[in-house]
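Everything below concerns the one structure shown next.
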Amino acid sequence: MSHSTVLPRELKITIPRPCVCAHRGGGKLAPENSMEAYKNAVRLGAHMLEIDLRRTKDGILILQHKEDISEVSDGKGSVASYTYEQLLQFDYGYQFKDLDGNYSFRGKGVKIVKLTQVLDYFRSEKPDLLFYFDIKQAGIMPEV
């Protein structure tokens, strides 16, 4: 099944050239797909944010690259086996190593991010910011 969106003719998107897109928010500078990473990317001049999307057990769209949360947090298992509220118990800065090899975000309160959180934040902070959604799970596209 294919989905398409018809944009109004008056909608014009200006993409700067070159366009700087922060992949996962710039995952080498802050924990990937975190608010900390996206805020830092915008502070450094990114024009676009690349965001990985998955769905939780209770249907919430969250920012997560891989299905297994152990690669980015102190939790274990798949995103789809947890509700959003359950995912909030994990430290999403736990596995991050900065450029000096330090675990500089452990215990700093980095949490899983809902898609609505990042969109709402940047809608008011930087309304001209562009987004690139990398949909990691079947069935998400109609919601995005």
Side-chain angles (χ1 to χ4, degrees), residues 3-5 7-8 10-144:
H3 297 280
S4 64
T5 301
L7 298 175
E10 65 275 0
L11 179 66
K12 293 185 181 183
I13 299 171
T14 303
I15 299 175
R17 304 251 194 270
C19 179
V20 176
C21 181
H23 185 249
R24 298 184 206 163
K28 296 294 182 188
L29 301 175
E32 67 180 49
N33 284 306
S34 68
M35 283 301 290
E36 291 78 0
Y38 292 119
K39 288 177 183 179
N40 187 53
V42 169
R43 206 171 21 258
L44 292 173
H47 304 107
M48 180 184 293
L49 301 178
E50 184 265 356
I51 294 176
D52 297 313
L53 292 175
R54 291 193 177 275
R55 187 187 313 278
T56 61
K57 183 178 181 179
D58 55 342
I60 304 295
L61 292 178
I62 53 101
L63 286 52
Q64 171 91 18
H65 179 70
K66 298 230 175 156
E67 179 65 24
D68 184 357
I69 66 171
S70 67
E71 293 187 28
V72 291
S73 76
D74 57 347
K76 293 184 181 181
S78 75
V79 168
S81 66
Y82 290 99
T83 65
Y84 172 73
E85 290 297 320
Q86 290 170 328
L87 288 170
L88 288 174
Q89 72 184 306
F90 300 118
D91 180 351
Y92 273 77
Y94 190 81
Q95 300 293 354
F96 176 79
K97 274 191 194 176
D98 63 26
L99 296 173
D100 295 323
N102 299 313
Y103 292 97
S104 55
F105 280 87
R106 275 191 183 173
K108 303 288 187 194
V110 179
K111 298 295 179 192
I112 192 74
V113 180
K114 288 192 268 186
L115 174 60
T116 55
Q117 288 173 302
V118 77
L119 294 178
D120 289 345
Y121 178 82
F122 287 111
R123 183 178 300 131
S124 63
E125 293 295 315
K126 188 162 175 48
D128 61 338
L129 187 65
L130 301 170
F131 294 92
Y132 177 96
F133 299 111
D134 189 351
I135 297 168
K136 299 295 186 180
Q137 212 172 341
I140 291 177
M141 185 59 190
E143 277 183 62
V144 176

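Side chains are part of it too, since the values below use all heavy atoms of this structure and drop only hydrogens, waters and symmetry mates.
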Heavy-atom closest pair, residues [X] and [Y]:
| X | Y | value |
| --- | --- | --- |
| D91 | D74 | N-OD1, 2.7 Å |
| L29 | L44 | CD1-CD1, 3.7 Å |
| G25 | A41 | O-CB, 3.6 Å |
| P127 | S124 | CD-O, 4.2 Å |
| R55 | V79 | O-CG1, 3.6 Å |
| G75 | S73 | N-OG, 3.0 Å |

What's the separation between atom [atom1] in [X] and atom [atom2] in [Y], rounded to the nearest 0.5 Å?
| X | Y | atom1 | atom2 | value |
| --- | --- | --- | --- | --- |
| K57 | E85 | NZ | CD | 13.5 Å |
| I62 | T116 | CD1 | OG1 | 11.5 Å |
| K28 | K97 | NZ | NZ | 10.5 Å |
| L115 | I60 | CG | CD1 | 10.5 Å |
| K111 | S34 | NZ | OG | 12.5 Å |

Any [X] side-chain heavy atom under 4.5 Å of [Y] side chain:
| X | Y | value |
| --- | --- | --- |
| F96 | V110 | no |
| F131 | M48 | no |
| V72 | F90 | no |
| E50 | F133 | no |

**Y94: ring pair (Phe, Tyr, Trp, His ring centres under 6.0 Å) partners, not counting sequence neighbours** = none
**Whether over 12 other heavy atoms sit under 6.0 Å from K136 NZ** = yes
**Asked** If you count the non-hydrogen atoms of other residues, nucleotides and ligands that lie under 6.0 Å from NZ in K108, is the total more than 12?
**Response** no
**D52 and R54 ion-paired at < 4.0 Å** = no
**Message:** If we ignore hydrogens and angles and just use 3.5 Å, is the side chain of H47 paired with the main-chain N or O of C19 as donor and acceptor?
**Reply:** no
**Asked** Does A80 offer a backbone N or O that forms a donor-acceptor pair with the side chain of E67 under 3.5 Å?
**Response** yes
**Request:** Determine, step by step, whether N33 and Y38 satisfy the side chain to side chain contact (heavy atoms under 4.5 Å, CB included) criterion, reporting the C-alpha distance in whole Å, the side-chain angles of both residues, the deciding distance to 0.1 Å, and the verdict.
**Result:** CA-CA 7 Å; N33 284 306; Y38 292 119; 2.6 Å; yes
**Message:** Within the 3.5 Å criterion, strictly below it, is a donor on N102 or S104 matched to an acceptor on the partner's side chain?
**Reply:** no
**Message:** I'd like to check the salt bridge (charged side-chain N to carboxylate O under 4.0 Å, His left out) partners of D68; sequence neighbours left out, ordered by chain and number.
**Reply:** none
